[in-house]
Amino acid sequence: MSQVRVRFAPSPTGFFHIGSARTALFNWLYARHTGGVFVLRVEDTDQARNSEEFLNLIYDSLTWLGMNWDEGPTVGGNYGPYRQSERAPIYKEYLQKLFDAGRAYEKDGAVWFKLLGERTEVYDDHRKKAVTKVANAPAVIEDQIRGRVERIEDEDFVIVRSDGNPVFHFVNVVDDIAMKITHVIRGEDHLSNTSKHVELFKAFGAPVPVYAHIPLILKQNGPGKMSKRDQGALIEDYQKRGFLPEALVNFLCLLGWSPKDDREKMPIAEVIRLFDLPGVNQSNARFDEKKLAHMNMSYLLELPADRFVALARAQYERQAATPALAADPAYFREVVLLSQPKIKALEELPAYTAYFFTEEFSIDAKVREKVLAKGEPGARLTELAGLLATADFSTDAAIEEAIKGLAMIKGLSFGDYQPVARLAVSGTNAGPSITSLFRVLGRDRTLARITRFLATL
RNA sequence: GUCCCCAUCGUCUAGCCCGGUUAGGACACUACCCUUUCACGGUAAGAACCGGGGUUCGAAUCCCCGUGGGGACGCCA
């Protein structure tokens, strides 16, 4: 069998979203699995809605997610150009073939594709108008995911608009022929278009590609498929929020596909090895951001320190967290690494670590109330301040030993000091271990915060 | 309205093709353990075969009909 050639064919008319990314991913996976070619083709025939900005977003998002294209804009290839707006001569040539074969005609200034078969006028209830139906034989779609699907295409359809621009069905098929596409992997929403496409392939005398209509991604709340306007739909957002591309890709792989064993978190190379079209599910999948977050946390956890710090810095920059960015780099690094095992996404970092970078942090009222209700917090804090004034701050272990020593003398435990100390120093009940907190903050700031807090009791 | 696709825990899914399982895993939820808070981690619990017919000794699994969900029906892609 000849080499597999698949394509991802987005139109730059809006933000790049989860559904598109998943379609691109399944194409890319199949190409990599088979040693085939992944083509990127830009379907920018809708001149009114295209934008260069959206196009760049597609390039950026694909690149960020690690899906490199073998042929397409910016990389070239033997079947270019790869932007439909630059392929007008090719469409003209193919259109002429249709005219020559008697399979196209003009009407109302547009060009229509002519179906073969007997014609009758019928009133269409849905569109509220009379239409010409053609007694056509069913188009057969051999689908790798759904099996054999038959659908009758029974109306002629426009292939070139009256303004001279060719429409999607036409250019899509022409390009698939011209670019020698062997497998068409796309969303199930295209399944009912496929009969049009099959008719066109046949009219051109070209082999019909193998189809694989993948299930759609449904919005997490409410009915219907996910659209660009839905919460959590945009790839760009995950990038901005500090999700890891490898986590997002891993999660996306699992929406409609699974390795058939109990593995979920797996390296992309392993997914490439196992991925195949018949293994793709037939039913739609609902998007679950909680599961994505869990996946992301697990990837975040195993990130090497240097990379984590670099990504964290980029995140603080995105969120314009200036006090942190102005801090000493070594201090910044320490704070950020302390927080690495605590967060689900990088976007939580600036708020989570705020008190490390300013004395103006707020005290959580609920936590304050809860902590102050137990024991003798004031006394504990005073004792602790006395201890810390001279304690060894060089290591966590040294601080821990000191506090435990104090607790033992007082007949108390570490846990009697921990909550109120944390509240005084960070204003919250969540964070790294209290010993790390003291050590990183240093003696002076720790004592100052405790003193200041004591004054509010 | 017409046509097409689909149907296992709340969600993502394994099992279905090649009928016989205590219907498995993960996320979420709950409890407990670990623990210096918060997380992580560990253990446990609850939680599903859409309904009805058929075929069969036996159906989540095969067939049919309902129902439900999704999609398409543009001179959008």
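Letters A, B, ... are given to chains in the order of the sequence lines, protein chains preceding strands, and every chain is numbered from 1. Keep in mind that this is a model prediction, so the values were computed, not measured. Values reported hereafter were calculated over all heavy atoms of this structure, with side chains retained and with hydrogens, waters and symmetry mates removed.
- Within 4.0 Å of A:Pro215, counting heavy atoms only, lies no atom of the nucleic acid at all.
- Within a 6.0 Å sphere centred on CZ of A:Arg452, heavy atoms belonging to other residues, nucleotides or ligands number more than 12.
- Looking only at distances, no side-chain donor or acceptor of A:Asp276 sits under 3.5 Å from a matching main-chain atom of A:Gly279.
- Distance noted for atom C1' between B:G10 and B:A47: 9 Å (whole Å).
- Around atom CD of A:Glu369, no more than 12 heavy atoms belonging to other residues, nucleotides or ligands sit under 6.0 Å away.
- For a distance-only test at 3.5 Å, the side chain of A:Lys342 qualifies as a donor-acceptor partner of the base of B:C38.
- Residue-level contact check: A:Glu43 touches the backbone only, with heavy atoms under 4.0 Å from sugar-phosphate atoms and none from bases.
- In this structure, A:Asn193 reaches the bases: a heavy-atom distance under 4.0 Å links it to at least one base atom across the strands shown.
- Mapping A:Gly415 and A:Val167 onto RNA chain B by nearest heavy atom places A:Gly415 closer to the 5' end of the strand.
- In this structure, A:Phe170 reaches neither bases nor backbone, as no heavy-atom distance under 4.0 Å exists between it and the strands shown.
- With salt bridges taken as basic N to acidic carboxylate O contacts below 4.0 Å, one links A:Arg151 and A:Glu153.
- At the phosphate of B:C5, neither OP1 nor OP2 sits under 4.0 Å from any side-chain N or O atom of A:Ser192.
- Side-chain to base pairing of A:Ser162 with B:C75: one donor and one acceptor N or O lie within less than 3.5 Å of each other.
- Nucleotides B:C38 and B:U30 have their P atoms positioned 14 Å apart, rounded to a whole Å.
- Per the geometry, CD belonging to A:Gln144 stands 20 Å off P belonging to B:C17, to the nearest Å.
- Listed pair A:Lys260 / B:A14 meets the phosphate criterion, a side-chain N or O lying under 4.0 Å from OP1 or OP2.
- One interatomic measurement links the two molecules: CG of A:Asn296 to P of B:A39, which rounds to 18 Å at whole-angstrom precision.
- Between B:C9 and B:C32, the two P atoms lie 29 Å apart (nearest whole Å).
- The side chain of A:Asn281 lies closest to B:A14 when the candidates are B:G10, B:A77, B:A14.
- The neighbour count for A:Gln231 CD, taken as heavy atoms of other residues, nucleotides or ligands under 6.0 Å away, does not exceed 12.
- Within 4.0 Å of A:Ala110, counting heavy atoms only, lies at least one base atom of the nucleic acid.
- Comparing B:G58 with B:C40, their C1' atoms are spaced 47 Å from each other, to the whole Å.
- Among the protein residues, A:Asn165 comes within range of no part of the nucleic acid, since none of its heavy atoms lies under 4.0 Å from any strand.
- A:Thr13 comes within contact range of no nucleotide atom at all, as no heavy-atom separation falls under 4.0 Å.
- Heavy-atom nearest nucleotides on RNA chain B were determined for A:Leu216 and for A:Val158, and the one closer to the 5' end corresponds to A:Leu216.
- The CZ-C1' distance, from A:Arg186 to B:C4, rounds to 14 Å in whole Å.
- Counting any heavy atom pair closer than 4.0 Å across all strands shown, A:Arg127 reaches sugar-phosphate atoms only and no base atom.
- Closest to the side chain of A:Gln418, out of B:C5, B:A28, B:U36, is B:U36.
- The distance from atom NZ of A:Lys228 to atom P of B:A77 is 12 Å, rounded to the nearest whole Å.
- As judged by a 4.0 angstrom heavy-atom cut-off over every strand, A:Gly224 is placed among residues touching the sugar-phosphate backbone only.
- Here B:C75 is the nucleotide among B:C6, B:C12, B:C75 with the atom lying nearest to any side-chain atom of A:Asp108.
- A donor N or O paired with an acceptor N or O is found under 3.5 Å between the base of B:U36 and the side-chain atoms of A:Thr435.
- Side-chain proximity of A:Asp189 to the nucleotides B:G71, B:C38, B:C4 is greatest for B:G71.
- Separation of the C1' atoms belonging to B:G69 and B:G46 is 26 Å when rounded to the nearest angstrom.
- Here A:Met295 lies out of heavy-atom contact (under 4.0 Å) with every strand.
- Nucleotide B:C63 is shown with an anti base, its glycosidic torsion being more than 90° from 0.
- B:A26 is paired with B:U11 under the Watson-Crick or G-U wobble criterion, all donor-acceptor distances under 3.5 Å.
- Taking atom P in both B:A26 and B:G1, the straight-line distance is 43 Å, to the nearest Å.
- The interatomic distance linking A:Gln282 (CD) with B:C17 (C1') rounds to 11 Å, in whole Å.
- The gap from the P atom of B:G51 to that of B:C34 amounts to 43 Å, rounded to the nearest Å.
- A:Lys290 contributes atom NZ, which lies 12.5 Å from atom NE2 of A:His294 (distance to the nearest 0.5 angstrom).
- Per the geometry, CG belonging to A:Leu191 stands 15 Å off P belonging to B:C3, to the nearest Å.
- A:Ser258 has a side-chain polar atom (N or O) that falls below the 4.0 Å cut-off from OP1 or OP2 of B:A14.
- One can place CD1 of A:Ile141 at 12 Å from P of B:C6, the figure rounded to the nearest angstrom.
- The separation of B:G24 from B:C64, taken at their P atoms, amounts to 29 Å, rounded to a whole angstrom.
- You'll find that the side chain of A:Glu188 is closest to B:C5, out of B:C5, B:U13, B:G24.
- Side-chain N/O atoms of A:Arg161 include one lying less than 4.0 angstrom from OP1 or OP2 on B:A77.
- Shown here, B:C73 forms a base pair with B:G1; the pair counts as Watson-Crick or G-U wobble because both key distances fall under 3.5 Å.
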*Step-by-step ring-ring contact (aromatic ring centres under 6.0 Å, His included) determination, A:Tyr211 to A:His213*: CA-CA 6 Å; A:Tyr211 285 101; A:His213 286 95; 5.7 Å; yes
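- Using a 4.0 Å heavy-atom distance criterion, A:Glu150 is classed as a sugar-phosphate-only contact.
- The side-chain tip of A:Arg449 does not point at the ring of A:Tyr355 from less than 6.0 angstrom away and within 45° of straight on.
- Proximity of A:Lys225 to the phosphate of B:G69: no side-chain N or O atom is located under 4.0 Å from OP1 or OP2.
- Between the side chains of A:His197 and A:His169, at least one donor N or O lies within less than 3.5 Å of an accepting N or O.
- The cationic atom of A:Lys196 (NZ for Lys, CZ for Arg) lies less than 6.0 Å from the six-membered ring centre of A:Phe157 and within 45° of the ring axis.
- As judged by a 4.0 angstrom heavy-atom cut-off over every strand, A:Arg146 is placed among residues touching the sugar-phosphate backbone only.
- Residue contacts shown for A:His213 are absent, as no nucleic acid heavy atom lies under 4.0 Å away.
- Between the CD1 atom of A:Ile145 and the P atom of B:G71 there is a distance of 18 Å, given to the nearest Å.
- For A:Thr45, counting side-chain heavy atoms from C-beta on, the closest listed nucleotide (B:G25, B:A77, B:C4) is B:A77.
- Here A:Asn429 lies in heavy-atom contact (under 4.0 Å) with a base.
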